[in-house]
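Below is one structure; the comments refer to it alone.
Residue numbering restarts at 1 for every chain, and letters A, B, ... go by the order of the sequence lines.
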Amino acid sequence: MTTLTRQDLNFGQVVADILCEFLEVAIHLILYVREVYPSGIFQKRKKYNVPVQMSCHPELNRYIQDTLHCVKPLIEKNDVEKVVVVIMDKDHHPVERFVFEISQPPLLSIRFVSMILNFYSDTLLSHVEQLLRAVILKISVCDAVLDNNPPGCTFTVLVHTREAATRNMEKIQVIKDFPWIVADEQEVHMREPRLIPLKTMTSDIVKMQLYVEERAQKAS
Amino acid sequence: MAAKVSKLEEQFKLDAPREKQKEGTSSTIFRGVAIYVNGLTDPSADELRRLMMLHGGQFHVYYSRSKTTHIIATNLPHSKVKELRGEKVVRPDWITDSIKAGHLLSYLQYQLYAKQKHWLVMFISKVRYLNVSFVLDCNSCHRNGLDQTAGLRLNGIQEEESEDETLHPAPVFSSGALVERTLTNGHSHPPNGALKPLDLTRGQTPMENGPHQPPVLLAGDKCAGESAHLLRSGNHLSVTPVPTARPSSRDPEHPGLLARGAGRVWLNGAQRDTAQGAASPPCPPVDRRPADADIISEFYSRSRLHHISTWKSEFSEYVSSLQHRRHKAGGVDFPGRERLRRQRAARIAGSSAPSGPPIRQPCILHVDMDCFFVSVGIRHRPDLNGKPVAVTSNRGQGRVSQRQGANCQLEMQYYQRKLDPKRKEVTPSPESPDGANPQSEQDLAALSMAEVASCSYEARQAGVRNGMFFGQAKQLCPGLQAVPYDFQAYKEVAMAMYQTLASYTHHIEALSCDEALVDATRLLKELGVSPEELAGAIRADVKERTGCSASVGMGSNILLARMATRKAKPDGQYYLKSEEVDDFIRDQAVGSLPGVGRTMSCKLASLGVQTCGDLQQISMSRLQKEFGPRTGQTLFRFCRGLDDRPVRSEKERKSVSAGMNYGIRFTQVAEAESFLTKLSQEVQRRLQAAGLKGRRITLKLMMRKPGAPVEPAKYGGHGICDTFARTVSLDQPTDSAQHIATEVIKLFHAMKLNVMDMRGVGLQVQQLTPSLVGPAGTAGGTGAPRRSIRDMLAPGEAVTSDRDRDIASVRLFPPPSSAEPVPGTSKGGPAPRHNGGLHTPRHLRTHLDLSIEVPSPSQVDRSVLEALPPELREQVEHSWRRREELAVSRGPLQSAPSQPLASPPGTLVLHVPEQQGQGGPAGIVLALPDFSQVDPEVFAALPLELQEELRSAYRHRNGTHPQGTVVEAKNPLLQLKQVAAAGRTKRRYKRKNASPAKGVPSPLKSRLHGNSPAKSSPAKSSPAKRLPYALKQEHAGGEMKLENGPSTSSLKPDAQEKPVKLTSRPGPTLAGACEFTDIRTLLKEWVTSIPEPMEDDILQVVKYCTELVEDRDLEKLYLVIKYMKRLMQQSVESVWSMAFDFILDNVQVVVQQTYGSTLKIT
């Protein structure tokens, strides 16, 4: 049974790795698609066998990486409820929110999955990849269902944790000088949000759903 | 080790005098204190050791849980803190400060982690009297139920007594009493310094408090306990023993007291008020020992609150039974509704103008009888009409004489103080700061403590309130007439009210015996009347049938309806229109919001909030910070008049409990134990009556708060108490009294409380699951009312604490043992919330048919089968036969599917492995559960061969379905059911469809007929036939899930059966369809084939959508909604468009609730 526990750890990390990798791709793509940054700073890359856009602005990349680096331990612990990419207008009022709602199967089944991972890990992973690819594709076409954003938008990443997670946050602060702060009400609250579901993926190791919340009147 | 410890002690003792000599000063401050120093302290451990030597304490080098009284530390790691929970961990300053002060200070202020919640530091009162100083340690109440030694609890009162007694030999104690006393004192540990010996040379002032009689003790009376009271008289603090004895009834001085031979349970100083007793003969003799066999049932038969709460569940049941009946009959006549329709028709014919526009928005009616108890009580007594009337058990003048030992003022003060938010620390302090006139308090104390259950509006004008003590009420309103309880009449009237409501609609939620919520949205739409008209009709009806008046409040949600009722009362009605809501609610006091009680109003008042308008100014985050996330949100919404609770006619039961906090007085542990056993039996009765078993048992004890008077002001009441609760989780759900009792007694002992201070006991069983065997089987023997299986299936009873994921019991399915005769039955119970018409079968036979999940013949022990009653056996065999037939008929279909449709997820075709020609292990494992469903521990515990077999089976499955494993594993439980279910579904639905409601069968239902082997159902033409068989099978299973008819609990989405929940990926289904394409087909059929949607079907769709939201599958929801929008809005019939609007509205509400925003539908 000792091996089990070790695998447990690995398993949480595997999920976190997969998700963070995906989130990085997704965030870049969102920034591109929603035109938060000029398209000039983006490069075309291939990920999950589909073309994606990735920024080549070092500071932006750094920021995204740092953020995800801090998210990772939380995902490992299954403390993350949602990761939200918020696009805000000039007055820092959110106009769009891309919400990645993550739910991992409860510990028990994870343990068992990890035990039998050897049986079919390849199948599993390729299946997850398929699902993630679908989500990425959805993001790249989401501008069709969304209204245009006002000029001069910025973005930020919010993490909604499950209850107790914040308490331990300080302790496990991964990167110095890059702490989590509690989000302003202003950043979280959106006037008349409208919800547009983009994609739901369900696999044995993680269930994720992506939806966009959009402010009804974007211009104001 | 022990030798070493004793050697060290020896050494310490030897060193002590030497040290004292050296220092020159010494004291005995720390007598009885033994410290253990943990970690680095200032002063150092050595210094502390020296100090302890000097001042009479003990110093332990090794920590001993039993001997060490205090742990001294300045810093402890978290793990240690946890480990030392319940120990007294004190900062070293305590010692130095105590020495400085010259006496032992309370350690409370010096607790190392006093701030932690479970260390509820209460209050320390320091009293100095002449040269006497003692510290009354009033703490010792850990709400968390931390271990607490009895000694601490006794907090020195007994210590005083013993001192007193020796110096104060006035009362002659019998030898028996002395023995008793020693026993009591035996409980108390060395006083741990909280109490310094009293200087008893001061004058003993006997208490002058009410009709205080000189202590009389009869020799030979064994139960002479004594108690000391700290009573305030003027500014003096004096301590005196107030011995309370139980003389025989022949004693002329105590005519009211009952004889109690060797009685050990008694009410301290309980003196029955003779006047009151004579006036109300039916009043139960409360001095009955709680241990008496029937006291519990007696208690419940007299308890008003108990009656009220049982009625509520009875009426809830009544309402849901109405609904089942309606589903069964297809259409029920609503006499009230018809009448209203006719009236309206007549009126329209007369005036030819529609009155008022039809209401599209939801409308909830809150029907509440006006001062129910009173109006029922004076129904036949017109003479009392218009007079101030109160319903209460007291019929005298509202006065009783002060009982000995009771201290009313103290309790009053305590409660007042508790309500005063400014004072943080709450404790019954013997010393009151204000010097109120004792005489007036005396009067108060002498008033009757019987509660006013209800009072008429006339009485309310005089300031009388429900729940007030009768004596006090009488003072406020001298003309107050008392009316006795009449439970039978209440029930009749309440029933009549419910019947009246049911004659209009069945969308009723029973709130209590005299109030109900009615969802009249659809009713109003159908009749085209305004809410006011409906309310008027209902009120007139109620008045006519019951002779009592009812008030009706109307609003667009429950909250508003209830608030409107307040305005409507008495005997009126008020419709809160949505445009008036804002203005209306702004002026409402926060206290009028549901869930805002005294405590919360106080808290809100401290935030400067008086009205809902004030409350609206406070941000959600602030509220959540103050009151917790849930309550905060609720408040935030409520004060804006938002409320999305639906009117629910069926509510799940979350717990079953029994408790008693009246007349509980024990003297011995054995009595408490036997009482707990009795209470367990009561719980068993209730569990069995509900057909439930529970896994989590909570024992709640009310203990007299230290320092509170031994005898509370209310006769037999519990007085000021601390509540302690302990919980234990069992491996197996149980409903056996014995089992519960054992666990509870264990808990009880673990709490280490003093039985004499027990004032209330409650047992609660949670995490309920339907019991394995029908309650009829087990209940009979214990005298519980026999119930049919239908009751077990009745919704609201079968309960599961949902969303509780931390239970790790995973069962391999099928269960490896065949020890259980019919393993499937165990899963038959869970009752469906939306059960269509399935629940109303006519006789038991049919019920069984629905609920039994028959395992395959090979799994059943023949001998067990033979032992079954013949009819049961026949049924089991019958189902096997049917299954065989099915298997045969299915063969060819499966091998040649008519369309090359990919098998949908969840259709594992493993269920009849022989026919698939896949040999190997699958032959044994009928249906493999999802990997993740299997508990590794269970797996490990299996015999090796079995493990191997399972493993290879999984591998095999992987091999067979390399692509779809993940998806396919989704629905592992369906196959077994399908086999058993296929035959049944048909019958059920035939009945349903045979109902005369609508001629055209709706595809949502007719769909189901596709799978019946005999195609005799009217759904012959259903397009579902075109689907491959496997798919239909899936539908059968899925439908069962949706309808939850005979389903195993495992298929219920929020079933308790954890294993399935964990992996309950068989997502929501609509009439069995899970895949989007199927749903689409289904919806298309529905919209195109019938001209007018049926209510039930719409609800099905709404439910499906809701489930999608809950399942966090917004994408599919979005697609479904958009598809419906296209379909329905294209439809020529405008009804469809309306139906869509209805569905969308409902879905938006759910989405709003879950995500805080609404779907963007373009």
Side-chain angles (χ1 to χ4, degrees), chain A residues 1 4 82 97 99 101-103 105-117 119-120 122-124 126-128 130-131 134-135 138 145-147 163 182-185 188-205 207-216, chain B residues 619-622 629 805-810 905 930-940 951 954-955 957-959 961-967 969-970 1058-1059 1061-1065 1067 1108-1109 1111-1119 1121 1148 1151-1152 1154-1162:
Chain A
M1 282 293 154
L4 244 186
K82 296 178 200 165
R97 275 193 300 234
V99 184
E101 205 179 51
I102 299 165
S103 51
L107 196 69
L108 178 82
S109 53
I110 287 184
R111 266 213 284 169
F112 194 72
V113 167
S114 72
M115 197 169 94
I116 49 101
L117 253 187
F119 284 108
Y120 68 131
D122 285 349
T123 338
L124 175 81
S126 75
H127 178 67
V128 171
Q130 279 173 19
L131 295 171
V135 182
K138 267 285 185 186
V145 288
L146 297 174
D147 298 335
E163 300 102 53
V182 177
D184 289 343
E185 180 68 21
V188 178
H189 185 72
M190 185 190 277
R191 272 174 295 155
E192 302 172 53
R194 291 186 302 172
L195 193 146
I196 303 130
L198 287 186
K199 190 75 195 164
T200 304
M201 61 163 273
T202 309
S203 82
D204 257 7
I205 54 162
K207 179 167 178 173
M208 184 168 69
Q209 107 166 311
L210 169 63
Y211 60 86
V212 185
E213 285 175 297
E214 182 184 37
R215 193 164 81 193
Chain B
S619 75
M620 165 102 90
S621 51
R622 174 93 193 274
R805 289 168 167 240
D806 51 353
I807 301 271
S809 92
V810 168
D930 196 350
F931 288 125
S932 47
Q933 239 181 297
V934 183
D935 187 339
E937 277 158 38
V938 173
F939 190 79
R951 221 174 260 141
Y954 278 126
R955 222 177 283 132
R957 193 165 77 176
N958 280 332
H961 311 278
Q963 302 274 297
T965 344
V966 180
V967 195
K970 270 181 173 181
K1058 296 300 172 203
K1061 247 213 96 211
L1062 297 179
T1063 41
S1064 60
R1065 293 279 172 66
L1108 280 179
V1109 177
D1111 196 48
R1112 312 261 144 175
D1113 199 345
L1114 282 177
E1115 188 196 5
K1116 198 189 269 178
L1117 174 75
Y1118 198 47
L1119 293 172
I1121 296 265
Q1148 292 286 32
V1151 173
Q1152 164 83 37
T1154 323
Y1155 291 96
S1157 47
T1158 50
L1159 280 177
K1160 173 184 179 183
I1161 303 291
T1162 43

For chain B, which of Glu192(A), Lys138(A), Lys199(A) has the most heavy-atom pairs under 4.5 Å?
Lys199(A)
Okay, Val99(A) and chain B: the region with an atom under 4.5 Å from a heavy atom over there is neither
Residues Leu195(A) and Leu1114(B): closest non-hydrogen pair is CD2-CD1, 3.5 Å
Could you grab the distance from atom CG of Leu1159(B) to atom CZ of Arg194(A), nearest 0.5 Å is fine?
11.0 Å
Heavy-atom cut-off 4.5 Å, strictly under: side chain, backbone, both or neither for Leu146(A) against chain B?
backbone
Taking the six-membered ring for Trp, are the ring centroids of Tyr1155(B) and Tyr211(A) within less than 6.0 Å of each other?
yes
Heavy-atom pair count under 4.5 Å with chain A, highest-scoring of Glu1115(B), Gln1152(B), Lys1116(B), Gln1148(B)
Glu1115(B)
Most contact-rich option vs chain B, by heavy-atom pairs under 4.5 angstrom, among Leu210(A), Val212(A), Ile196(A), is Ile196(A)
